[in-house]
Student: 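Take this structure first; my questions come after.
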There are 2 protein chains.
Amino acid sequence: MTQPWDPYARGCPSRVVLDRIGDRWTVLLVGALADGPRRFGELARDVDGISQKMLTQTLRSLERDGLVRRTVHAVVPPRVDYELTDAGRSLLGPLSALTAWAVDHMDDIVVAREQFDAVT
Amino acid sequence: MTQPWDPYARGCPSRVVLDRIGDRWTVLLVGALADGPRRFGELARDVDGISQKMLTQTLRSLERDGLVRRTVHAVVPPRVDYELTDAGRSLLGPLSALTAWAVDHMDDIVVAREQFDAVT
DNA sequence: CAGGATCCCGCAGGATACTG
DNA sequence: CAGTATCCTGCGGGATCCTG
């Protein structure tokens with residue numbers, strides 16, 4: 001239980017990673033790439049509500065972190081594929097556990113909120 | 001695999017939950033409460049870098065979602081305990097999987113970033 | 001089609017001061 | 001001690017227009 005690293009400490013590298021997860025779109029995007037390579041436009045359509053700017057930006061961050069590989073095909077019109085690296089795929093497990101939890105508990109949470117708001 | 005709910009859809013309640021996880025402090029705070037009840041001041045000290053405002057705010061959100069229970073002891077000086085509810089504790093599993101992943105991969109990620117930045 | 005470049009607004013969130 | 005109240009700023013992030 002005693003971890004060599006303390007995620008709660010400000011300087012800890014693992015916290016950097018947690019911050020990345022804490023990005024609104026990262027989780028959604030990794031999930032959207034779960035089933036294989038996707039093109040820019042596909043991702044824009046799949047992840048509801050994301051802007052091109054955020055899509056580009058998040059994709060870059062993931063690429064920078066070595067979680068996503070970007071492949072440019074020299075054709076016209078341009079074609080660019082994004083796919084998870086091995087590291088990226090390894091994140092899928094923990095993430096799906098999280099979304100599963102989300103789906104399992106969303107009803108309870110919605111109810112809890114309504115009760116809380118009713119009192120306040 | 002085919003979920004009845006689509007977390008990628010904007011209106012899906014599960015997305016609300018994901019947004020909550022996507023809060024910078026939520027994950028850290030839930031982790032800090034893992035071992036049992038904690039007082040306000042303890043949490044402020046344990047979670048490095050959090051401001052009082054954010055601590056209060058995040059704690060409220062968690063309480064509102066039914067993940068944390070707030071107990072006020074009528075003594076002077078005031079004493080307030082925060083502890084995870086059953087629902088809150090159920091989040092611990094998925095979350096620890098995530099932090100474990102973070103600790104496991106942080107080195108790779110740091111290296112990947114340096115390489116990426118070196119090229120760019 | 002895949003993005004880069006800009007403009008701009010809202011609000012997350014920090015710092016500080018005050019209170020029961 | 002455990003907050004609330006207020007002020008203020010950075011930047012997250014959307015909308016829009018442009019290019020190879």
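Basis for what follows: all heavy atoms, side chains included, without hydrogens, waters or symmetry-related copies. Bear in mind that the values here come from a model prediction, so they are computed numbers and not experimental data. Naming: A, B, ... by sequence-line order, numbering from 1 per chain.
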Student: Starting at OH of A:Y82 and ending at C1' of C:dC1, how long is that distance when rounded to a whole Å?
Tutor: 11 Å
Student: Check whether B:D23 reaches the backbone of B:W25 with its side chain - one donor and one acceptor, N or O, closer than 3.5 Å.
Tutor: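 Yes; judged by distance alone, with no hydrogens or angles, the pair exists.
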Student: Let me know the distance between CG of B:L55 and P of D:dA2, rounded to the nearest Å.
Tutor: 10 Å
Student: What is the separation between atom CZ on B:R60 and atom C1' on C:dG13, rounded to the nearest whole Å?
Tutor: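 Checked: the CZ to C1' distance equals 17 Å.
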Student: Please tell me whether B:L55 and B:V72 are part of a single hydrophobic cluster in this structure, the criterion being side-chain heavy atoms less than 4.5 Å apart.
Tutor: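 Result: yes, single cluster for both.
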Student: Tell me the closest heavy-atom pair linking A:S90 and B:W101, and the distance in Å.
Tutor: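 Scanning both residues completely, I find the closest heavy atoms to be OG-NE1, 2.9 Å.
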Student: Rounded to whole angstrom units, what separation is found between the CD atom of A:Q57 and the P atom of D:dG12?
Tutor: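 Computing the A:Q57:CD to D:dG12:P distance gives 7 Å.
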Student: So which nucleotide from D:dC1, C:dG3, C:dG13 ends up closest to the side chain of B:D23?
Tutor: C:dG13
Student: Nearest to the side chain of B:F40, heavy atoms from C-beta on, is which of C:dG4, D:dT4, D:dA2?
Tutor: D:dA2
Student: State, to 0.1 Å, how close B:F40 and B:Q52 come at their nearest heavy-atom pair, and which atoms those are.
Tutor: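 The pair with the smallest heavy-atom distance is CZ-O, 4.3 Å.
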Student: Round to a whole Å and report the spacing from CD of B:E63 to C1' of D:dG3.
Tutor: 13 Å
Student: Check the interface with nucleotides 14-18 of chain C: list each N/O to N/O pair with the protein under 3.5 Å, or write none.
Tutor:
from   : atom 1 : to    : atom 2 : distance (Å)
C:dG14 : OP2    : B:S51 : OG     : 2.7
C:dG14 : O6     : B:K53 : NZ     : 2.5

Student: Angle between the two end axes of the helix from C:dC1-D:dG20 to C:dG20-D:dC1, five base pairs per end, rounded to 10 degrees?
Tutor: 50°
Student: With a 4.5 Å limit on heavy-atom distance, are the side chains of A:D117 and B:R64 in contact?
Tutor: yes
Student: Taking the basic N atoms (NZ, or NE/NH1/NH2) and the acidic carboxylate oxygens, is any pair closer than 4.0 Å for A:R38 and A:D81?
Tutor: no
Student: A:D48 CG to D:dG14 C1': how many Å, rounded?
Tutor: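 Computing the A:D48:CG to D:dG14:C1' distance gives 15 Å.
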Student: Are A:R70 and C:dG3 close enough that a side-chain N or O sits under 4.0 Å from OP1 or OP2?
Tutor: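 Result: yes.
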Student: Answer yes when B:E63 and B:R60 have at least one side-chain N-carboxylate O distance shorter than 4.0 Å, and no when they do not.
Tutor: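 So B:E63 pairs with B:R60 through a salt bridge.
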Student: Tell me: NE2 of B:H73 to C1' of C:dG20, nearest whole Å?
Tutor: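 It works out to 18 Å between those atoms.
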Student: Give the rounded distance in Å between these two atoms: CZ of A:R39 and P of C:dG3.
Tutor: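 A:R39 atom CZ is separated from C:dG3 atom P by 10 Å.
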Student: Would you say B:R38 places a side-chain N or O within less than 4.0 Å of OP1 or OP2 belonging to D:dA2?
Tutor: no
Student: Can B:F116 be reached from A:V68 by stepping across I, L, V, M, F, W or Y side chains whose heavy atoms are under 4.5 Å apart?
Tutor: no
Student: What about B:V76 and B:V80, same hydrophobic cluster or not, with Ile/Leu/Val/Met/Phe/Trp/Tyr joined at side-chain heavy-atom distances under 4.5 Å?
Tutor: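 Shared cluster, no.
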